[in-house]
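So the structure is just underneath, and the comments pick up after that.
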Amino acid sequence: MSSTRNGRRSPRIWGVIIAILCLNGIALVMACVSAVAFYTEKPAFLPSCRIYEPGFTKCSTNSIQKLLDQLNIGIPEVVERFGPFDPMRVRDIVFKQDNNEVATIRANLTELVVKGFAKTKVKESRVSKKDFGWQTKIFLPKMRLDGKYEMAGRILLIPLSGSGKIFIEIDDLDILLLTKTRLYEKGGFTFDNVTAVRAQLNLTKVRTYLDNLFNGRSKEVERSTNQFFNDNWRDFYEALKPLIVETVENILFDVMSTVFHLIPANFFVEDIPTPQQLYGPKEAVAKKHS
């Protein structure tokens with residue numbers, strides 16, 4: 001029986017591994033702490049902020065940076081679901097793009113591993129006082145995606161058909177992250193339910209290599225085609241931009257969904273309203289039971 005789901009080890013397997021390490025006295029502080037359903041005490045690593053006081057955006061930016069730093073060290077409940085934060089295994093992607101000037105392509109990406117989030121710098125974290133959604137600006141010096149691909153179609157007028165290993169490496173990645181949330185109550189605390197994530201990307205360079213392109217019929221043509229993609233990286237990026245954006249959005253949605261079901265919103269924003277205060281009693285109850 002496989003021990004993975006969508007390219008990730010299952011929580012049960014991670015639990016067994018962590019238990020064995022702890023029993024053998026291996027000093028993994030982040031792993032040997034018992035996992036909990038959700039936090040009822042604010043963790044020491046997390047600064048709290050007050051949205052209705054001056055300096056909130058600066059405080060919030062620092063708070064989210066501290067959270068990401070701790071994710072890199074390891075939060076047991078997140079490790080249990082994802083494994084390490086960096087490198088991180090991410091869900092498979094099925095990609096289709098038709099009738100585009102630069103690409104008509106169908107691709108499956110599997111066994112995906114992303115590196116680079118350990119060096120994330122939070123440039124700004126804003127929270128809306130109207131709906132408590134977020135606008136976050138983050139920067140990664142380098143992000144690299146490794147995996148396996150199956151692809152058919154064309155990119156930059158080049159007909160493609162192949163399957164094998166792929167990497168995509170991005171330099172100086174600026175991400176503007178727009179996050180929609182819905183507040184809900186649990187155990188006397190207010191939590192954020194992340195409902196949607198949209199990412200806008202800016203970058204300075206893309207490098208790639210698709211192994212076994214053209215199903216291995218000509219290594220020389222494979223090398224020259226990959227070189228063409230790298231020489232024309234802006235056009236290559238535009239061709240695969242929806243795929244790259246979807247990968248980033250999937251990563252951030254999965255991580256944030258886990259984190260913000262675990263850590264109450266009260267621990268980030270001390271004066272956040274309750275769902276009843278923000279939406280009204282009837283709507284809050286209806287959403288809770290929907």
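The analysis underlying the following values was restricted to heavy atoms, covering all of them including side chains, and did not include hydrogens, waters or symmetry mates. Count residues from 1 along the sequence.
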Which pairs would a plain distance check flag for residues 48-57, meaning a side-chain donor or acceptor within less than 3.5 Å of a matching protein atom at least two apart in sequence or in another chain?
| from | atom 1 | to | atom 2 | distance (Å) |
| --- | --- | --- | --- | --- |
| Ser48 | OG | Phe267 | O | 2.7 |
| Arg50 | NE | Glu53 | OE2 | 3.2 |
| Arg50 | NH1 | Glu270 | OE1 | 3.2 |

Ser257 and Val194: which non-hydrogen atoms are nearest, and at how many Å?
-> OG-CB, 4.0 Å

Under 3.5 Å side-chain donor-acceptor pair for Ser125 and Ser60 = yes

What are the two closest heavy atoms between Gly164 and Asn212, and how far apart are they?
-> CA-CB, 4.4 Å

Only one of Lys219, Lys165, Arg223 clears salt bridge (charged side-chain N to carboxylate O under 4.0 Å, His left out) with Asp211; which?
-> Lys219

Within 45° of the axis and under 6.0 Å from the centre of the six-membered ring of Phe95, does NZ or CZ of Arg106 qualify?
-> no

Is a side-chain N or O of Asp172 found less than 3.5 angstrom from the main chain of Thr204, in a donor-acceptor match?
-> no

Linking I/L/V/M/F/W/Y whenever any side-chain heavy atoms sit under 4.5 Å apart, do Val269 and Leu46 land together?
-> yes

Is any side-chain heavy atom of Glu124 closer than 4.5 Å to a side-chain heavy atom of Arg126?
-> yes

Heavy atoms of other groups near Lys205 NZ, more than 12 under 6.0 Å = yes

Taking the side chain as every heavy atom from C-beta outward, state whether Ile263 and Phe38 have any pair of such atoms under 4.5 Å apart.
-> no

Quick check: are there more than 12 heavy atoms from other residues, nucleotides or ligands sitting under 6.0 Å from NZ of Lys66?
-> no

Looking at Phe132, is Arg182 sitting on its ring face, NZ or CZ under 6.0 Å from the six-membered ring centre and within 45 degrees of the normal?
-> no

Partner of Leu145 under side-chain contact (heavy atoms from CB on, under 4.5 Å), picked from Thr208, Ile170, Ile166, Leu112, is Leu112

Does the side chain of Phe189 come within less than 4.5 Å of Tyr39's, by heavy atoms?
-> no

Could you tell me which non-hydrogen atom of Pro275 sits nearest to which non-hydrogen atom of Glu185, and how far apart they are?
-> CG-N, 3.7 Å

Within the distance-only criterion (no hydrogens, no angle test), does the side chain of Asp192 pair as donor or acceptor with the backbone N or O of Thr181 below 3.5 angstrom?
-> no

May I have the step-by-step check of salt bridge (charged side-chain N to carboxylate O under 4.0 Å, His left out) for Lys123 and Asp174, ending in yes or no?
-> CA-CA 9 Å; Lys123 298 169 72 174; Asp174 275 301; 3.0 Å; yes

Under 3.5 Å, side chain of Asn226 to main-chain N/O of Leu210, donor-acceptor pair present?
-> yes

Sub-4.5 Å side-chain heavy-atom contact between Phe85 and Val255 = yes

Given side-chain contact (heavy atoms from CB on, under 4.5 Å), test Phe228 with Phe236 step by step and report yes or no.
-> CA-CA 9 Å; Phe228 176 78; Phe236 176 81; over 6 Å; no

Side-chain touch Leu203/Asp171, heavy atoms, less than 4.5 angstrom | no

Heavy-atom check, side chain of Leu262 versus side chain of Thr258, under 4.5 Å = no

Are any of the side-chain heavy atoms of Val197 and Leu177 separated by less than 4.5 Å?
-> yes

So, the side chain of Glu222 versus the backbone of Leu213: is there a donor-acceptor pair under 3.5 Å, distance only?
-> yes

Any side-chain heavy-atom pair of Tyr209 and Ile168 under 4.5 Å | no

Under a 4.5 Å side-chain heavy-atom rule over Ile, Leu, Val, Met, Phe, Trp and Tyr, are Met151 and Phe214 clustered together?
-> yes

Give a yes or no on whether the backbone of Leu183 and the side-chain of Tyr279 come within a donor-acceptor separation of less than 3.5 Å.
-> yes

Within the side chain of Thr195, is there an N or O that forms a donor-acceptor pair under 3.5 Å with the backbone of Lys180?
-> yes

With Val122 as partner, the option from Leu68, Asp69, Leu67 fulfilling side-chain contact (heavy atoms from CB on, under 4.5 Å) is Leu68

Sorted by first residue and then second, give each side-chain hydrogen bond (donor to acceptor under 3.5 Å, both in side chains) pair with at least one member in residues 130-141; sequence neighbours left out.
-> Ser128-Asp131

Is there a donor-acceptor pair closer than 3.5 Å between any side-chain N or O of Asp92 and the backbone N or O of Thr110?
-> no

Check for a donor-acceptor pair, side chain of Lys186 on one end and backbone N or O of Thr190 on the other, with a separation under 3.5 Å.
-> no

Do you know which two heavy atoms are closest between Gly74 and Val79, and how far apart they sit?
-> CA-CG2, 4.2 Å

Taking the side chain from Gln227 and the backbone from Asn230, do they hold a donor-acceptor pair closer than 3.5 Å?
-> no

Do Leu201 and Ile138 share a hydrophobic cluster (ILVMFWY, side-chain heavy atoms under 4.5 Å, transitive)?
-> yes

